[in-house]
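What's counted below: heavy atoms across the whole structure, side chains too, no hydrogens, waters or symmetry copies.
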Amino acid sequence: MAKTEPVVLTKEQAEAIQTLDRLPVGKDDVIKQKAMGRVWGRDLTCIDSLSLDELARALYVGYEVEKTQEERYEDVMGVYMDASDWDRSVIELTLDLLGIKIEGVND
């Protein structure tokens, strides 16, 4: 993954990043605290599972919230409902939405 791409976070981690963004300290201070081994408490404990690189990218580059299985299902169902022709592209799109790679099909 390129260092300039947004990091993928859980919904809980994304909410914690939003909380960190609202703190009076700057992003640099948050990064320094993480680098010095700070353990976050209360609603921010999920930040502990992020690496320093992931935290920095989330704060400076941005992040995407990981979709739940239910959200991925809804995406796939939307594709099927919108598809007028059940062809290879629908299968490829479905596999991509589900994060499945099959050699020779959608690799």
Residues two or more places apart in sequence or in another chain: which of them pass side chain to side chain donor-acceptor pair (under 3.5 Å) with Glu74?
none

Please lay out, stage by stage, how Leu55 and Ile17 fare under the test side chain to side chain contact (heavy atoms under 4.5 Å, CB included).
CA-CA 8 Å; Leu55 178 59; Ile17 293 294; 3.5 Å; yes

List for me each residue that meets side-chain contact (heavy atoms from CB on, under 4.5 Å) alongside Ser49, sequence neighbours excluded, and say none if there are none.
Gln13

Among all residues two or more places apart in sequence or in another chain, which pass the side-chain contact (heavy atoms from CB on, under 4.5 Å) test with Glu15?
Lys11

If you compare all heavy atoms of Glu54 against all heavy atoms of Val7, which two are closest, and at what distance to 0.1 Å?
O-CG1, 3.8 Å

Among residues two or more places apart or on two chains, list those pairs meeting salt bridge (Lys or Arg N to Asp or Glu O under 4.0 Å) that have a residue in residues 94-105.
Asp96-Lys101

Could you tell me which non-hydrogen atom of Glu5 sits nearest to which non-hydrogen atom of Arg57, and how far apart they are?
O-NH1, 3.2 Å

Tell me, please, which residues at least two apart from Ile102 pass side-chain contact (heavy atoms from CB on, under 4.5 Å).
Leu95, Ile100, Val105, Asn106

From Arg38 atom CZ to Asp48 atom CG, the distance as rounded to the nearest 0.5 Å
9.5 Å

Donor-acceptor pairs are to be reported for all side-chain atoms of residues 22-31 against protein atoms at under 3.5 Å, with residues two or more places apart or in another chain.
unit_1 : atom_1 : unit_2 : atom_2 : d
Arg22  : NH2    : Thr19  : OG1    : 3.4
Lys27  : NZ     : Leu59  : O      : 3.0
Asp28  : OD1    : Tyr60  : OH     : 2.3

Heavy-atom closest pair (Pro6 atom, Val61 atom, distance to 0.1 Å) is N-CG1, 3.9 Å

Excluding sequence neighbours, so at least two apart, what forms side-chain contact (heavy atoms from CB on, under 4.5 Å) with Glu12?
Thr10, Cys46

Shortest non-hydrogen contact from Val65 to Ala14?
CG2-CB, 3.7 Å

Without hydrogens or angle criteria, can the side chains of Tyr63 and Gln18 be said to hold a donor-acceptor pair below 3.5 Å?
yes

Distance (rounded to the nearest 0.5 Å) between Lys34 NZ and Met36 CE:
13.0 Å

